[in-house]
Amino acid sequence: MVQAYIAEVRERCVRNGVDPSKIPSFSKVTAEELAKMEMEYNEMIVVIHFFIKKFLEKSKGIPLLVSVTDQNGVFIESIGDKSMKDTMVHHAGLQKGIQFTEEKAGVSSVLAAIELNRPIQLLGSDHYHHFLHSAACYSVPLSVNNKLKGTISVMTFLNYAHPMILTSLETVVDSIQRELDLREQNRYLDQINQMMLEKSTIGYIVIEKNGHIITANPKAKSLMPALEKKGQFIHDIKEFHDIQEFIEQGNSLNDYEMVLRNPQTSICLVDCFPFLEGSLIQLYDISEYKKTESYIQDAEKLSILGQLAAGVAHEIKNPLTTLKGFIQLIQENQYDESFTPVLLKEIERINHITNEFLNLSRPTVNAKDWYVMSKLFTELEVILSSLALPKNIDFVLNLEDVPAMYCDGNQLKQVFINLFKNSVEAVEQNGVISISVQLASAQSIRIRFEDNGEGFPNEILTKAGQPFVTTKQGGNGLGIMICKRIIESTHKGQLKVFNNEHGSAVVDLFLPLNEKKTEGY
């Protein structure tokens, strides 16, 4: 194949009247074009220099000249033996910017490597021009990501010719290609990563082991304007003060909820992933999610309040009837001092009912404090009885003495009312619902809702807590979803549903007693 190619080129040279005894005058690209090529090939030349220097060091004693061309045969660079440069190269006028063409160069290893896309060696008289008959030339095509970028060639005197020169050159070019391919892939990945970081809706902050902030993407800077300042450490950002030591120790962090006081207050979930030289911090802006969650929670609460209204009215009507009777006795001048405590007690009962009703109607605001669980249920007793009244349901409260816990009392009340309401809807007239509070372990308490209804269907047992999973006609399944969210996300507890041995529904809530100590970690 190579010999046939050489014969064809010789034929064309003879036919075109190319004189083999004359040294050709090569055409040359302009200075501007050469400067542009040198800029384009700069990284490639740096890599070639690195590997070719090692190649030349291992070939000491052999006069070798290495040249680099682009895919069009334009001479870009030469490295190697001075004697070769002073004789062959200088004599032939081989300088940067000249172009190897068949009309000028005749049979050339450079053009053969480009056109045949394979390693080529031309020895002595294989060349068309006589001045090259004392030379041995070896050329290997150079490709980056399977795209031809040019050639790397070695020239030496014919008496130093050896097949191992081409083999060694192929090995060197293969190493160069691998390095250039890797750099190209890394550059591509870097561009993709940079684009993803720039456009990402997640904030990213990279820090060193000592807490020095290396970089932050635009989303992180929009959430924390303080990151715009360069050269800062993690302890310089006040929002990170609570978890600064935790991060600097190289610990992982998941779903730590942080409120950021930027121009528009944001709520973020913070994750931290340590790596060899530092840590990556991720900021997920959940502000809109929190707003939506709050809207859904408040809507569900209002729905419950609407259903409670009739029961509450009945609960208020009873003490009002008592008050009316005593007032009539007073009008008839039948007043007795024993009336006063009873009147005050009934007024206090009305006040208690209306206060609880108003508390439930307020918008959802996360406000944790220390609460005794038995007290929460005592405060809810009137509300729960109003829900049970229409079906004449008997509900039993079994409240063991458990330690106070750090929780959001109003949100837990909403959970209890929602679960009790579900139980009321699940049982028949004159049904029974029991609520118990007891220690589950030294670290948690268990609150159980149990009724004597027909129990949960299989689809509820397997998908409890997912939106729109419900057996109620006209229901949306959001109630149990909100309950699960309040218990598991806000209070780091567990909500479990199952059927007891009688086939009736049971809902267990497990709440940690030490939740304040571990909150966010």
Side-chain angles (χ1 to χ4, degrees), residues 2 6 37-38 40-71 73-92 94-96 98 100 105 107-127 131-187:
V2 175
I6 292 172
M37 290 174 62
E38 286 179 329
E40 180 186 346
Y41 280 79
N42 179 60
E43 182 182 26
M44 192 172 85
I45 294 298
V46 170
V47 174
I48 290 171
H49 267 276
F50 176 80
F51 285 97
I52 291 301
K53 280 183 178 179
K54 290 189 173 184
F55 168 67
L56 292 175
E57 284 172 6
K58 292 179 180 179
S59 307
K60 281 184 178 178
I62 304 174
L64 299 176
L65 179 72
V66 180
S67 62
V68 182
T69 73
D70 74 351
Q71 71 272 26
V74 177
F75 192 84
I76 300 172
E77 184 66 285
S78 65
I79 315 160
D81 189 78
K82 188 175 183 300
S83 64
M84 291 294 297
K85 286 185 178 182
D86 291 342
T87 53
M88 292 285 189
V89 174
H90 182 71
H91 186 59
L94 298 178
Q95 54 185 273
K96 288 184 181 182
I98 66 104
F100 287 87
V107 179
S108 160
S109 63
V110 170
L111 293 176
I114 291 172
E115 292 179 19
L116 299 178
N117 195 26
R118 58 171 290 179
I120 297 292
Q121 74 171 7
L122 295 180
L123 305 177
S125 59
D126 288 340
H127 297 94
F131 82 97
L132 289 173
H133 285 184
S134 62
C137 297
Y138 308 87
S139 294
V140 177
L142 173 65
S143 297
V144 178
N145 287 330
N146 298 317
K147 184 179 179 181
L148 182 66
K149 299 294 288 184
T151 67
I152 298 179
S153 303
V154 171
M155 179 186 285
T156 188
F157 296 111
L158 186 59
N159 55 318
Y160 288 98
H162 194 284
M164 281 304 295
I165 294 177
L166 184 61
T167 303
S168 300
L169 181 60
E170 285 184 73
T171 303
V172 171
V173 171
D174 184 60
S175 298
I176 292 169
Q177 285 184 165
R178 287 174 184 272
E179 176 65 22
L180 291 172
D181 282 350
L182 185 61
R183 290 190 179 204
E184 189 69 22
Q185 290 166 11
N186 286 343
R187 187 182 298 109

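The figures here come from the full heavy-atom set of this structure, side chains too, leaving out hydrogens, waters and symmetry mates.
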message: Between Val66 and Glu77, does the side chain to side chain contact (heavy atoms under 4.5 Å, CB included) criterion hold? Intermediate values first, please.
response: CA-CA 8 Å; Val66 180; Glu77 184 66 285; over 6 Å; no

field: Distance-minimising heavy-atom pair for Ser139 and Leu166
entry: O-CD1, 4.3 Å

message: Restricting to non-hydrogen atoms, name the atom on Pro141 and the atom on Pro119 that form the minimum distance, rounded to 0.1 Å.
response: CD-N, 3.9 Å

- request: Quick one: closest heavy-atom pair of His133 and Ser125, and the distance?
  value: CD2-CA, 3.6 Å

task: Give the C-alpha distance, both sets of side-chain angles, the deciding distance and a yes or no for side chain to side chain contact (heavy atoms under 4.5 Å, CB included) between Val144 and Asp181.
output: CA-CA 6 Å; Val144 178; Asp181 282 350; 3.6 Å; yes

message: Any heavy-atom pair between the side chains of Asp70 and Glu40 that's under 4.5 Å?
response: no

- prompt: Out of curiosity, Met44 CE to Ile76 CD1, how far, rounded to the nearest 0.5 Å?
  reply: 5.5 Å

field: Results of side-chain contact (heavy atoms from CB on, under 4.5 Å) for Asn146 - residues two or more places apart only
entry: none

message: Here's a test for you: under side chain to side chain contact (heavy atoms under 4.5 Å, CB included), which of Val68, Ile79, Ile52 qualifies with Ile45?
response: Val68

- prompt: Looking only at heavy atoms, which two atoms of Met155 and Cys137 are closest? And how far apart?
  reply: CE-SG, 3.8 Å

field: For Glu43, salt bridge (Lys or Arg N to Asp or Glu O under 4.0 Å) partners two or more places apart
entry: Arg183, Arg187

- prompt: By side-chain contact (heavy atoms from CB on, under 4.5 Å), which residues pair with Ser67, not counting sequence neighbours?
  reply: Phe75, Ser153

- prompt: Would Phe100 and Ile114 count as a side chain to side chain contact (heavy atoms under 4.5 Å, CB included) if you check the C-alpha gap in whole Å, the side-chain angles of each, and the deciding distance to 0.1 Å?
  reply: CA-CA 11 Å; Phe100 287 87; Ile114 291 172; over 6 Å; no

Leu64 to Ser59 - nearest heavy-atom pair and separation: CD1-CB, 3.6 Å

- request: Could you grab the distance from atom CG of Leu148 to atom CG of Leu142, nearest 0.5 Å is fine?
  value: 7.5 Å

- prompt: What pairs with Lys53 under salt bridge (Lys or Arg N to Asp or Glu O under 4.0 Å), at least two apart in sequence or on another chain?
  reply: none

query: For the atom pair CE (Met164) and CD (Glu170), what is the distance rounded to the nearest 0.5 Å?
result: 10.0 Å

- prompt: What's the verdict on side chain to side chain contact (heavy atoms under 4.5 Å, CB included) for Glu179 and Phe51, showing C-alpha distance, side-chain angles and the deciding distance?
  reply: CA-CA 10 Å; Glu179 176 65 22; Phe51 285 97; 4.0 Å; yes

field: Residues in salt bridge (Lys or Arg N to Asp or Glu O under 4.0 Å) contact with Asp174, at least two apart in sequence or another chain
entry: Arg178

- prompt: Side-chain contact, heavy-atom cut-off 4.5 Å: Val47 with Ile176?
  reply: yes

- line: With sequence neighbours left out, the residues meeting side-chain contact (heavy atoms from CB on, under 4.5 Å) with Leu123 are Gln121, Asp126, Ala136, Tyr138, Leu158, Ala161

message: Please give me the minimum heavy-atom distance between Asn145 and Glu184, naming the atom from each residue.
response: ND2-CG, 2.8 Å

